[in-house]
Structure formats: structure tokens, C-alpha cells
Amino acid sequence: MGYISIHMFPKASRIVKDKKVFYYREKDFEGLTGIKYYKGLGTFRNEDSEEFFNNPKIITLVPTEEDKKWMTMALGSGESDKRKNWISQYIDRKISGEIFEEIFEGKLEIPRFIKENLSVYFREALYRAVPSMVDGLKEGQRKCIHSLLKRNVYMNEKRTTGSQKVIALQGSTLQESEYHHGDTALQGTYVHLAVGYTGTNNIPWLFNDGQFGTRHGDAAAAARYIETAIDPIMKHMINAKDLPICNYKKGEKKMIEPEWYPTLLPMLLVNGTSGIAVGYATDVPSFNPLDLIEEIKSFLDGDEICDDLTPWYRGYTGEIEKNGKTWKTTGSINEVTKGVFHISELPLSGKYTKTQNYKQFLWNWKKTRKGIKKINENHSVNKVQFEIISDGRDDLDLDTKEFHLSANLKFNMWVVDPEGRPKYYTEVKNYLEDWCIHRLKVYELRKTYWLNRLKFEKEVAKEQVRYLKQILNDEIVAKGKKKKQLMDELSKNNYKMCNLKKFVWKTTAEEEDENVVDEEEEDGEGSMTYLSKIGIWDQTTDQVEKFEQDAAKKQNEYTSLKKKKIEEMWLEELEAFEKEYPTFMEIRNKSDGKKQKIKKKK
């Protein structure tokens, strides 16, 4: 007999013939419409309790001889490598399409529960905590970006207008991306995407309009006070032409955020990351976007990527140097006059990255030194400035070890690959090479998509010209006819149905099988809205000329794109980014209270 029982609750319900039907397994309601999903007990109505408690679904976990082995592997502190292999194997099986039987009633052996139930949680924890190698975003962060892109929430070029309250954006994220992890966590995600003080994002995804925290240890203001929007620089980072080729995930009632966004630069290296999942942890430092651009250009020229890239943080004035497999960051302390010392920078990792923490250390340190008269603070918005005044009786050794001004950056590069598998990199160089190879594949996909789309749009414009000329010459008369009669006449004139959202024509065989055509359904398989949407005010020779110009324009765009190599496309976009980057740096540094020079692209 088992010693643990689990009361199972439905995952979804649906009204069938005026009766509510509950579903406990995803395969039972997959593909059905009118589904209501349950995300917790708070989702259920009071009247539903009769189903759950009068007819409970109980799983009883039964022990086996292998319980200790599996529980140690799943939860033991010294079994992280085995846990990684197990989670990776489970993810491989899911990606390959293997279907796992969902048990919601009866007896269940503990090893099977761990392998098939607990592993689901571990997989989801991986996607929430470990970023994609493609865009450097974790799942929750990508949901925020998706909801803002859907609603076109951008700052203007001068970063003066366009922002919205974070508390309002939280609601749109819940709606557009089906975020399920709580308002507080969501606010923290928005703040993380917008912060730009030293030691955080080099190129924040969002603009921080308000108090989003400081390097001194101050927390962000409440979500009802702060505002944000996508920074205009991100129009370069996520090209609108790449959005149609993204692989969007299927949500409860609609398509939600993609598995990853194609980005111009490897944002994982631009902004760095850290996270802890079950069996996995990741820590990646930040690098200079301009250095990364030079390495990308070297890759496109056929040269090897540099293996000694040095981390870089916008506004940091300390030193960063290679130290074994990682890098050491060192703050700054100097004697400005006799007996007066200034600490003007802190390390980027360890206990003393925040000014408030370092202040506490200095006060404790002062108690052990007789010759220290005073410690002053003269910090600015993004600058550290401690002043130590000594009477000379206690000679200070400016060794950074005594002042805890040195610390190693953490480097443990676990990422999620484009297919959804965890992958480990021992060197930044290897990751950057893989990222560049994948980025070229994205350009190939984009080129293929847009060549097909431009060809289709050109053909549509030509058909609209032909149709309009026949209307003007009374060769086709729509007035007074039933829809079926008009459809037959259009068919006799060799007009085809099409899907205006998928940019494809319907084959003759498919047209013959089409019984009912909804001309208002643009996404329908058999649509002729490209003709029916031409209104009475468009039935003019002026409109004929406009359609002819549209067809010629699409042809020119098609020809130009077909000739262009994917490497050229990438280089052109890098060039455009480099021209705008100095403006971004100037505005951002002003916002963050920094003074940092950057060469402008001529």
C-alpha cells in the first residue's frame, strides 16, 4: 500500500451539449475548441467542487526497490551530472515526438512518477531560468518583449514619449503571452529588461522611464510609478522582417511568444545573464557590442573568431583581466593627497558590487584602524566615490585585497539551443561561432520567405489590375448577382482563390472541393478578398495605375533581394546599427548619469 496520495484536478473543461466535461489529460482535449484551462484551485468555480470531491481522482504512489536510486538522482545534492543527463534525455524524447501516458488515477510507482511527472517540472524550470542561445532571453522575458511588440509599444527616437506604466503592461503581458507566474515576478522581469546602470545591461531591451534601481543598492519604484517601452535601438536588434519566420508557440487560446527571436547581435553576450534551474546554472558576463561586431565581420570574411574576448560593462572604470578560465574585475583606490584616499570603483561580482554593501564593510573596517578619522560618501547617480581620511598614524596599504576590491566574474555557460535542448559551452569563442552559423540560417529563411511573399504580392497586384480593367470595360458585371454566380464568373475568367495571410494560391483541385467561401475570412483557404475588397471608389483608372505601380515595386524588390547575398544583408544591418549606436550611448549615458566616450561611425 502506498504512503503518499495525490488528489488530481482537471487541466481543462469544455461545455458539450450544455454539460461541463472535465479533462485530466492534455491528449484528450488537444485540438478542441471552447476549452477553459485551469491553472490552480483559484480558477475553479464553487459548483465544480462536486466533481472533484464527490468523484475524486486519486493517484497513490507505491514504493519500489528503486525509489532511493531515483529520488537521490532527482533531488540529491551530489547528483547534478546525472540529473543533467536525465533531463536532457527526457527533452530529447519530447522533441522527437514521443508521447508520455498521463496517469491521473490509480497506482503509480515512484520511479515512474519521477521520470514522467517530475521531469515536466524540471524541463519548465530550465526554460524559465536558462536563456536561449539565440536571443539571450529567458521564457518570461520573451513574453514581455512579445506583448510589447504586439502592441507596438516603442519609445520615440529621442526617448521622450511612448512609455507606459509597468503595471498596465503587466496586464497586456498576461493577455498576449499567457504569463502564469505572478505580478511581482513579472514586475521584476520588466525591471531587469530596462535597467542600465553599470554591471547590468549594456543595451537594455527596454527604456527605463523612472526609477528602476541603481548600482548603489536602491530598489526599483513600484510598478504603478515607473514606465517603460521598447528602446528604439531594438528595431535594429529584432528586424521586423524576421518576425514572420519566428516559430510561435501555441497557447491556450491563441499563438503566443516564439521559441526565440532572431537578433542582429548575440544578446546573450551583449547583456550577459545568470540563472539557476534544476540541475543547471548559468553565468555569462557582458561584452562590448562593437567588439562582437568586429568578430562577426571576421567570421563573415572567413577568419577565425578571437579567443581572448574581454568582458565589458558600460560605464565601468575598473580593470578586467583574464584569470584562468574566467576574468578578474578590480575596483579602484588612489591616494589623491597626503592622507586622503578615494575609492572610485567596485568589483563587478562578489559581495561588494553594491555601494550599500561596501559601505557597511568600510565602517566595520574603520573600527579596526586607529588612524582613520573619517569616511565620506560623494556618490553620483552611477558613480561610486568613497573618501577615506587618515591622520597618518596608520599607514594604508593600497592593496585591493585588503579593501576587497577584486573578484572573479562567474563563467558557466549553459544555454538552451534553438531546438530546446540544454547545451554547454566551455569558451565564448565556440558559442559565438555557433551563434553566427545559426544567424546565417535565419537570413536564409528570411530571404526565402520574402522572395515567396514578394512574388505572391506582385501576382496579386497584377490580378487586381486585370480584374479592375475587366470591371471598367464591363467584361465582368458584379451588380445584381448572387455570390455563387459571381464566384463562377470569376472562376471562368481564371481568377484563383488565395490565402492572403499565408501568401499562397489555392490549387485547382482545392478550389473544386471548396463548397462554402467566406469572403470576410482573409485567413480562409479559399479567399477572394483580394478582389472583393476593391470598393466602388477604387474602380477608377487611377487605381489601375496604383496597382500597376505596386506590381512594379514588388518586382523590383524581388529582383534586388534575389541578387543580394545573405552575408551582404547582415553587413548592411550591422552598418546601420553602428551608425545609430553612438546616439543610443549618448542618450543612455545621460539617462544613467554616465560619461563615456564612444567613437562615432562615419
Anything under 30° is parallel, anything over 60° is perpendicular, the rest tilted; go ahead and classify [X] against [Y].
X	Y	value
Tyr313	Tyr316	perpendicular
Tyr24	Phe104	parallel
His404	Phe361	perpendicular
Phe29	Tyr23	tilted

Donor-acceptor pairs under 3.5 Å, side chain of residues 277-289 to any protein atom, not counting sequence neighbours: which ones?
from   : atom 1 : to     : atom 2 : distance (Å)
Tyr280 : OH     : Lys84  : O      : 3.0
Tyr280 : OH     : Ser88  : OG     : 3.0
Thr282 : OG1    : Asn412 : O      : 3.3
Thr282 : OG1    : Trp414 : O      : 2.9
Ser286 : OG     : Asn271 : O      : 2.9
Ser286 : OG     : Gly272 : N      : 3.4
Asn288 : OD1    : Leu290 : N      : 3.0

Scan the side chains in residues 213-230 for donor-acceptor partners under 3.5 Å anywhere in the protein, sequence neighbours excluded, and list what turns up.
from   : atom 1 : to     : atom 2 : distance (Å)
Thr214 : OG1    : His216 : N      : 3.2
Thr214 : OG1    : Asp218 : OD2    : 2.7
Arg215 : NH1    : Glu345 : OE1    : 3.2
Arg215 : NH1    : Asn382 : O      : 3.4
Arg215 : NH2    : Glu345 : OE1    : 2.5
His216 : ND1    : Thr355 : OG1    : 2.6
His216 : NE2    : Ser380 : O      : 2.7
His216 : NE2    : Val381 : O      : 3.3
Glu227 : OE1    : Ser163 : OG     : 2.8
Thr228 : OG1    : Phe207 : O      : 2.6

(message) Could you tell me if Asn589 and Arg314 have a donor-acceptor pair between their side chains, going purely by distance under 3.5 Å?
(response)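 There is such a pair (donor and acceptor under 3.5 Å, judged by atom type) between the side chains of Arg314 and Asn589.
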(request) Consider only side-chain N and O atoms of Thr173 and Tyr190, and report whether a donor and an acceptor are under 3.5 Å apart. (result)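 A donor-acceptor contact under 3.5 Å links the two side chains.
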(request) Sorted by first residue and then second, give each salt bridge (charged side-chain N to carboxylate O under 4.0 Å, His left out) pair with at least one member in residues 137-146; sequence neighbours left out. (result)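 Of all non-adjacent pairs touching residues 137-146, those that pass salt bridge (charged side-chain N to carboxylate O under 4.0 Å, His left out) are Asp135-Arg142, Glu139-Lys249, Lys143-Glu257.
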(message) How long is the straight-line distance from CG of Leu292 back to SG of Cys436, given to the nearest 0.5 Å?
(response)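 These two atoms lie 9.0 Å from each other.
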(request) Taking all heavy atoms of Pro258 and all of Cys246, pick out the closest pair and write down the distance. (result)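 Closest approach of Pro258 to Cys246: CB-CB, 3.7 Å.
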(message) Using the side chain to side chain contact (heavy atoms under 4.5 Å, CB included) criterion, which residues pair with Lys94? Sequence neighbours excluded.
(response)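 Once residues adjacent in sequence are excluded, the partners of Lys94 under the side chain to side chain contact (heavy atoms under 4.5 Å, CB included) criterion are Tyr90, Phe100, Arg123.
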(message) Glu427: which residues meet the side chain to side chain contact (heavy atoms under 4.5 Å, CB included) condition with it, sequence neighbours left out?
(response)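 Partners of Glu427 under the side chain to side chain contact (heavy atoms under 4.5 Å, CB included) test: Lys429, Asn430.
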(request) With sequence neighbours excluded, tell me which residues meet side-chain hydrogen bond (donor to acceptor under 3.5 Å, both in side chains) with Asn85. (result)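 Result, side-chain hydrogen bond (donor to acceptor under 3.5 Å, both in side chains) vs Asn85: none returned.
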(message) Aromatic contact between Phe44 and Tyr38, with the criterion being ring centroids under 6.0 Å apart: yes or no?
(response)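 Yes - the distance between ring centres of Phe44 and Tyr38 falls below the 6.0 Å cut-off.
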